[in-house]
Amino acid sequence: MLGLNSKDLRLFLIVVVLTIAAPILLNPFPVESSLGQSFNAGYPALLQRFVIFGLLVIGFNILFGLTGYLSFGHAAFLGVGSFAAVWMFKLLSYNIVPAIILSVVVAGLFSVVIGFVALRRSGIYFSILTLAFAQMMYSIAYSDLAGKFFGTVVTNGETGLQVYNDDPQILLGAGDPKVPHLFGLEMNAQSVVNIGGWQFTFQNGYYLSALFMILGFYLSIRIFRSPMGMMLRAIKSNQTRMNYTGLNTKPYMLAAFVISGMYAGLAGGLLAAMDPLTGAERMFWTASGEIVVMSILGGVGTLIGPIVGAGVIKYLENIVSKINDGILHGWFSVFPDWLDNFLVTIIHPFIGKGWHLTLGLLFMAVVIFLPGGLVEGGQRLGKLFRRGKTTEAEEAADATRQRNTPAE
Amino acid sequence: MGILEVKGVNKRFGGLQALGNVNLSVQENTCHAIIGPNGAGKSTLLNCLVGKLIPDSGSVMFDGQSVLGRKPFEINQMGISRVFQTPEIFGDLTVIENVIIPCFAKRDGAFRMHAFENVSQEKAIIEQAEAILADVNMLEKRNMHAASLSRGDKRRLEMAMCLVQEPRLLLLDEPTAGMARADTNNTIDLLKEIKEKRDITMAIIEHDMHVVFSLADRITVLAQGTPLVEETPENIKGHPKVREAYLGEAQV
């Protein structure tokens, strides 16, 4: 079905179901409980980030996972996509369709140019070239060099780009919403459902972003299983043999680079569609680094890894950073005071602003013990549970199957 | 006219004349061996044929077309396949994928944007790949990771990857270098079988006389970048110039 084999189809359907149910699944605790205050992640602003960054890393994985070329400037395409989308809001109207189309097209054009130059080198030199391009674009955006050159505003420098009341918005009708919308369907409109102590929020913007992520995920499965996906893995494996097999690696690489740049542009466009303002900091090199970390944490070259990696990092960033000493004291109030204070002192550096420390430790543990990322951890766990039931013959068959699909 | 005509090829590396006025003619459907002592320029010559190096002067014509200035992948698309000294295969891919890729290269050319097709639906290509694996007795290893194969199997796989493209000229760069005697004999048998079963032209660069005399129809002896003699194997064995090149003048 859908041109996928049964295993891929199962994975795809699981992702679809989890994405649709995410606003419920990520709110496991009653809203008023202390656990709910701390750990519930099912609110729209965070859910949007899960799927938009998931989409971004899925695209990044087509480049890094398949070809092994580590782009260290992917956030530049995200930023370009956002700027393009906000400009569409400023010039046309708040309808997100032209904004998203333009963000993909512009990011595609930028990635053709950057890819053409950067792909002349491989390995660390490729990474440095992409990093240099991204930092140049960041500087240009931050100082609005392009705007100064044309005598107008293009990226609006430090302030960032946003929509003002005196912007042209030539397509804006009288009754049109003053927020990003899809033909009248407002992105920030939401319905809140209360069941007992639980509260679930279903937001249009989240579901639109989720739809794009699901489409992007489907596309990435198709690319992984296509002849081109095989060629890209072959490029990672042995470029010499590719050349002497009559295959021109350059256009394959450029195609992968542009596809993944367009994914990033789409993600940038969606970020702007959720919140119609953007700034140069979206293109800063730490943002590119975050994409790389998400990709490695989830599992490079796996299908589901990017979504897992993006989810885990965005969860830590938003949930662990919210926990403070007061909340900890609340949890540990059952213990005697000295133990309570002791535990809080120990945990203190890892929470709040120290969430990066938690992330760093997690990242180290994954890289050392699970080189295949969190997805490998999941596979090992799955095997552990199945071991009781399976016979040796089944295990052998399982091993063969895994070799069959190295890029699961 | 041979299928491959090398005329007056020169190549210098700084002060070293690696190739000096090399002329070579490989006839269709023969196995042509190029032998010579270390540093004779055998590998330089081969690299000039496949586009890795560009000669300073001279011409290299394949089937009436010049290969000079073309990239390795373009030369392969003209019909020249190359086997390396250490097998170059796609180690991260499975054995069957290793042979599917040259099938795509043969059918679709150097690049095609086939991002939304499905490999498992390319029945003709998979059949073709399976047939060639059966030919080299590797069908039962189709789902193994290529990197986990033994050295001999890697060589067979690389050969299969070249043969599945049905090249008009197969270049072999010391295919038995560093192999044990038994492996060498296996490789010779494999090459003999290929030669008998298919209409294929082979040019082989080799150190091992045993291999050369078992396979070659014509032999060119290269010494210090210049061809000394071109002869049949029978006439090469006792040739004084060959002895001179290999053993040094003092012993003649």
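All figures in this text were calculated on a predicted structure; none of them were measured in a lab.
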Student: Please indicate whether B:Arg151 has more than 12 foreign heavy atoms, meaning atoms of other residues, nucleotides or ligands, lying under 6.0 Å from its CZ.
Tutor: yes
Student: Could you look at B:Ile100 and say if it's the side chain, the backbone, both or neither that has a heavy atom under 4.5 Å from chain A?
Tutor: side chain
Student: Could you go step by step and tell me if B:Phe90 and A:Lys236 meet the side-chain contact (heavy atoms from CB on, under 4.5 Å) rule?
Tutor: CA-CA 9 Å; B:Phe90 302 117; A:Lys236 183 182 189 178; over 6 Å; no
Student: Let me know if B:Val164 has heavy atoms under 4.5 Å from chain A in its side chain, its backbone, both or neither.
Tutor: neither
Student: B:Ala115 and A:Ser226: which non-hydrogen atoms are nearest, and at how many Å?
Tutor: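 Here B:Ala115 and A:Ser226 meet closest at O-CB, 3.0 Å.
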Student: Between A:Arg225 and B:Glu117, is there a salt bridge with N-O shorter than 4.0 Å?
Tutor: no
Student: Taking the six-membered ring for Trp, are B:Phe84 and A:Tyr244 ring centroids under 6.0 Å apart?
Tutor: yes
Student: Check whether more than 12 heavy atoms from other residues, nucleotides or ligands sit under 6.0 Å from atom OH of A:Tyr69, and answer yes or no.
Tutor: yes
Student: I want to check something: taking the side chain as every heavy atom from C-beta on, are A:Leu247 and B:Ile101 in contact at a cut-off of under 4.5 Å?
Tutor: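 Yes, at least one pair of side-chain atoms sits under 4.5 Å.
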Student: If I measure from the heavy atoms of chain A, does B:Lys71 come under 4.5 Å with its side chain, its backbone, both, or neither?
Tutor: neither
Student: Do B:Phe111 and A:Met231 touch side chain to side chain, with heavy atoms closer than 4.5 Å?
Tutor: no
Student: Does A:Arg121 CZ have over 12 foreign heavy atoms under 6.0 Å away?
Tutor: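 No, CZ of A:Arg121 has 12 or fewer neighbouring heavy atoms, counting only those of other groups under 6.0 Å.
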Student: So for A:Ala255, is it side chain, backbone, both, or neither that comes closer than 4.5 Å to the heavy atoms of chain B?
Tutor: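 The side chain, not the backbone.
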Student: So, for B:Gly91 and A:Ser237, which heavy atoms are closest and what is the spacing to 0.1 Å?
Tutor: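 Looks like N-OG, 3.0 Å.
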Student: Could you pull out the closest heavy-atom pair between A:Arg241 and B:Val83, with the gap in Å?
Tutor: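 Heavy atoms of A:Arg241 and B:Val83 come nearest at NH2-CA, 4.3 Å.
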Student: Flag the one option from B:Met161, B:Lys106, B:Arg112 with the top tally of heavy-atom pairs under 4.5 Å to chain A.
Tutor: B:Arg112
Student: Closest approach of B:Ile89 and A:Asn238, non-hydrogen atoms and distance?
Tutor: O-ND2, 3.0 Å
Student: Quick one: does NZ or CZ of A:Arg222 land under 6.0 Å from the six-membered ring centre of B:Phe116, within 45 degrees of the ring axis?
Tutor: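 Pair A:Arg222/B:Phe116 does not count as cation-pi.
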Student: For A:Leu232, is it the side chain, the backbone, both, or neither that has a heavy atom closer than 4.5 Å to a heavy atom of chain B?
Tutor: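 Nothing of A:Leu232, per the 4.5 Å heavy-atom cut-off to chain B.
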Student: Could you measure the distance from the CD atom of B:Glu88 to the CD atom of A:Gln239? Nearest 0.5 Å is fine.
Tutor: 11.5 Å
Student: Give me the ring orientation class for B:His114 and A:Tyr252: parallel if the planes are under 30° apart, tilted from 30 to 60°, perpendicular past 60°.
Tutor: parallel
Student: Which atom pair, heavy atoms only, marks the closest approach of A:Gly3 to B:Asn118?
Tutor: O-ND2, 3.1 Å
Student: Do B:Lys52 and A:Asn243 make a side-chain contact, defined as non-hydrogen atoms from C-beta onward lying under 4.5 Å apart?
Tutor: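 A side-chain contact is absent here, since even the closest heavy-atom pair is not under 4.5 Å.
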Student: For A:Ile124, is the CD1 atom crowded, meaning more than 12 foreign heavy atoms sit under 6.0 Å from it?
Tutor: no
